Amino acid sequence: MDYLTTLNPEQREAVLHNEGPAMIIAGAGSGKTRVLTVRIAHLIDYHRVDPFNILTLTFTNKAAKEMRQRIETVVGTEARNIWMGTFHSVFAKILRVEAPLLGYPSNFTIYDTDDAKSLLKNIVKEKNLDSKVYKPNVVLNRISAAKNRLIDAKQYKKDATIASYDVKSRLPELANIYLKYEERCFKAGAMDFDDLLFNTYKLLSKHPDALNKYQSKFRYILVDEYQDTNFAQYVIVKKLAARNRNIVVVGDDAQSIYAFRGADIQNILNFEKDYPELRVYKLEQNYRSTNTIVQASSSIIKHNRAQLPKSIWTDNDEGKLIDVIRATSDNEEGKLVAHSIYENKLNHQISYEDQAILYRTNSQSRAMEESLRKLGIGYRIVGGMSFYQRKEIKDLLAYLRLTVNPNDEQALRRVINYPKRGIGDTSVGKLLIASDETGQTLWDIVLKVKGYLGGSVAGKIDGFATMIRSFMIFGQKNDAYDTAMHIAKTSGVLRDLSSDKTIEGVARYENLNELLNGIKQFVDDQEREEKDLGSFLQEIALLTNADEDEEDDREKVTMMTIHSAKGLEFKNVYVCGLEEDLFPSAMMLSSREDLEEERRLFYVAITRAEDQLTLSYATSRYRYGRLFNCSPSRFLEEIDSSYLNVKKPKERSSIFLERKEKPAIGGEKITSKEGGFRLKAKPIRKTFAKKYTAPPDFKPDDPGLLEEGMRVEHSKFGFGVISKIDNAPNSKKAIVTFDEVGEKTLLLSFAKLKIHS
DNA sequence: TTTCTGTACTAATCA
DNA sequence: AGTACAGAAA
């Protein structure tokens, strides 16, 4: 029970709350994760609750993992039996078992946003609708919103209000697209992200035995970040908790930032209505930030009308004022931020891992990256274009998906002609028509292709089907790694990539190997029981942006969107791009609700900082390759100016601005998963390869003169040092570490290198 | 059927 | 700046 002594009275009360519903309103930095973990530990350790009976829903898998580890220090390995994870991953786990009740195979595929969009694109095309009007993005958002409100395609079609709204917004065919989309997903044995929630709801409402089973299993339910749950999640939780009513939700209305995904603050208010016996606990003391930051954040959030009454306070020091940096361009903004980070380290011994750069949109990372690289500051980017979104990764994954579930239409279409095997769009189109007319899946048609197509194409398709079938048989007898390796080799994917000797091609090949390594680590994980391909695919389908690798973070600045930063904290935080139309986003200016959500997002951003907060903006910025002027964000004016230190451009030390540029280190994007393996993508940087252009008088030297350790100039990559020369008979190679683009292997018969002494 | 090339269009946040 | 698509040429 020592763990209770570390809590303040309010926290302790929340932890000791016994049975029945409770809501914990926890301000930023008030120790809510601590309360949650101690509470769970207390349930197990003191109240002798069986961990199997506890369900904890968190916002990221990483948060769940950390929480589990902390609980383990109190109650031991028993903690591993707690059901803990994101809504999506917990529900996917349930659906793996129960999907057959809903007519889905238990090895169902999970469609990510890209799969969903490309399926919608296909449907729009098949219906001969204008894809400029029915944009996949827009259509998907509408369908997603409907699913989050638990409206299926049939109900959608019947609903007069929705119909008139769709007509008004000139998308009258939406209902029919939704019907088709639903049908195609079901036929393919696939669920999109929203289906994981929707189908769980269907399961619990249509199958009393299943409802009964999970209600008695989950006797204690805890929900973190409750302010970001949507209607579907709300209803499911309510159903699960209906019998025991032991539900504790933790949230902060001021940090609700996912309305675009259907999150509804209303859920907090509904909660009070649903459980009249509800106890409410408030955690108002901030342990994270300086008083300046706490006060400044309060001065911002009070501009919002919609909020629950609470007053955040802190015992911490007053701290430093909030710096405001003004730059003339996005590139200069990056430079100033990078220099400031460098200076913090040099003069104040603040290591890079304690510093973070936050921005509204992922596209803002580029200018920052370049500046950090020039100063030789290591960094890592959370989110953005992730490893799994790369073409080469998706290609192999499509083969793997197809092997697990051959009805997966998106996967089939992706690889039926990759690598090129002479099955073009025309032929695939014919198969699709046959599939539509006969009601069979695309795979069924492929199996019986000779009945629908003639000529040599039929033979090729037949060969493809035979290959996939052989993969399926192979997969039944082997683990995920051996199967994936077999598939990569036999399908020709590996050969196709290794034949591409361009720089980008080599990077792609390495990425593919990284994926295979990742699968190997998955298989080698001692704690894992299921090592088949299907388990691996399920594992990676639900990775979140924040599910990051930790061992590699040392001496690296963290960069991410503010959304990804939720729940995190850093000593020094830079919030960039504080300009009208960027933050707040131009798309969020039309209603008070939207603007207030942007303001909450800003609130989340600044409350990430412990000691020092810096806000920056630029007066011009590149968009669509053009330079646009911008004006400072209204949010800057909303902060009480007594907390601000507006830096005048002159004050900045010129030493830094003229410093010689250092070679780059670091700079890889990292994505990983909690099971212990991690995947790094080799960045494919055409941009930087293009950036450098040799002077007109550039003349390469004779490759024979090159030696290890020499400093050389390359016509595209700029300057670098030869780290190794490989004297293979017909392909002399040099490995050169370039200042800007990092290590490259160059074939000396092609590469033009000039020696610099 | 594939590959090349020019053009049109686009970048908000996430599971 | 990057890319996705359409149309022409091979």
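The model shown is predicted, which means the values in this text are computed figures rather than measured ones. The chains referred to below are lettered A, B, ... by the order of the sequence lines, with proteins before strands, and numbering in each begins at 1.
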Between dA11(B) and Arg623(A), counting only base atoms on the nucleotide and side-chain atoms on the residue, is there a donor-acceptor pair under 3.5 Å? no
Any donor-acceptor pair under 3.5 Å between the side chain of Thr361(A) and the base of dA12(B)? no
Heavy atom of residues 418-427 of chain A under 4.0 Å from DNA chain B: which residues? Lys420(A), Gly422(A), Ile423(A), Gly424(A), Thr426(A), Ser427(A)
Is there a residue in residues 584-597 of chain A whose heavy atoms reach under 4.0 Å of DNA chain B, and which residues are they? Met587(A), Met588(A)
Less than 4.5 Å apart, any side-chain heavy atom of Ile461(A) and any of Leu431(A)? yes
Starting the side chain at C-beta, find the nucleotide from dT1(B), dA15(B), dC14(B) nearest to Val457(A). dT1(B)
From the set dA15(B), dA12(B), dC14(B), return the single nucleotide nearest to any side-chain atom of Thr113(A). dA15(B)
For the residue pair [Y] / [X], report whether a side-chain donor-acceptor contact shorter than 3.5 Å exists.
| X | Y | value |
| --- | --- | --- |
| Asp224(A) | Thr58(A) | no |
| Ser169(A) | Arg142(A) | yes |
| Glu392(A) | Asn511(A) | yes |
| Glu598(A) | Ser585(A) | no |
| Asn304(A) | Tyr603(A) | no |
| Glu332(A) | Ser329(A) | no |
| Asn267(A) | Thr229(A) | yes |

Please write out each protein N/O paired with an N/O of nucleotides 4-7 of chain C under 3.5 Å, distance rounded to 0.1 Å.
| residue | atom | partner | partner atom | Å |
| --- | --- | --- | --- | --- |
| dC5(C) | OP1 | Lys121(A) | NZ | 2.1 |

What verdict does the side chain to side chain contact (heavy atoms under 4.5 Å, CB included) test give for Ile433(A) and Glu126(A), after you've listed the backbone C-alpha separation in whole Å, the side-chain angles of each residue and the deciding distance to 0.1 Å? CA-CA 9 Å; Ile433(A) 290 166; Glu126(A) 286 160 27; over 6 Å; no
Nucleotide [N], atom [atom2] - distance to [atom1] of [X] in whole Å:
| X | N | atom1 | atom2 | value |
| --- | --- | --- | --- | --- |
| Asn148(A) | dT13(B) | CG | C1' | 15 Å |
| Asn417(A) | dT2(B) | CG | C1' | 9 Å |
| Leu196(A) | dC14(B) | CG | C1' | 14 Å |
| Asp114(A) | dA15(B) | CG | P | 13 Å |

Compare the aromatic ring of Phe260(A) with the six-membered base ring of dC14(B) and state whether they stack according to the 5.5 Å and 30° rule. no
Could you tell me which non-hydrogen atom of Gly577(A) sits nearest to which non-hydrogen atom of Phe583(A), and how far apart they are? O-CB, 3.7 Å
Under 3.5 Å, which protein N or O atoms sit close to an N or O of nucleotides 5-10 of chain B? Give each pair with its distance.
none

With Glu579(A) as reference, evaluate Arg634(A), Arg621(A), Arg623(A) under the salt bridge (Lys or Arg N to Asp or Glu O under 4.0 Å) test and give the passing residue. Arg621(A)
State whether Phe108(A) and Arg96(A) meet the cation-pi test: NZ (Lys) or CZ (Arg) under 6.0 Å from the six-membered ring centroid, and within 45° of the perpendicular axis. yes
Residue-phosphate contact under 4.0 Å: Thr561(A) side-chain N/O, dC14(B) OP1/OP2: yes
Measuring to OP1 and OP2 of dT13(B), would you say a side-chain N or O of Asn362(A) lies under 4.0 angstrom away? yes
Can you list everything that forms a side-chain contact (heavy atoms from CB on, under 4.5 Å) with Thr109(A)? Sequence neighbours excluded, please. Tyr111(A), Ala190(A), Arg401(A), Asn405(A), Asp408(A)
Who pairs with Asp228(A) by salt bridge (charged side-chain N to carboxylate O under 4.0 Å, His left out), at least two apart in sequence or on another chain? Lys566(A)
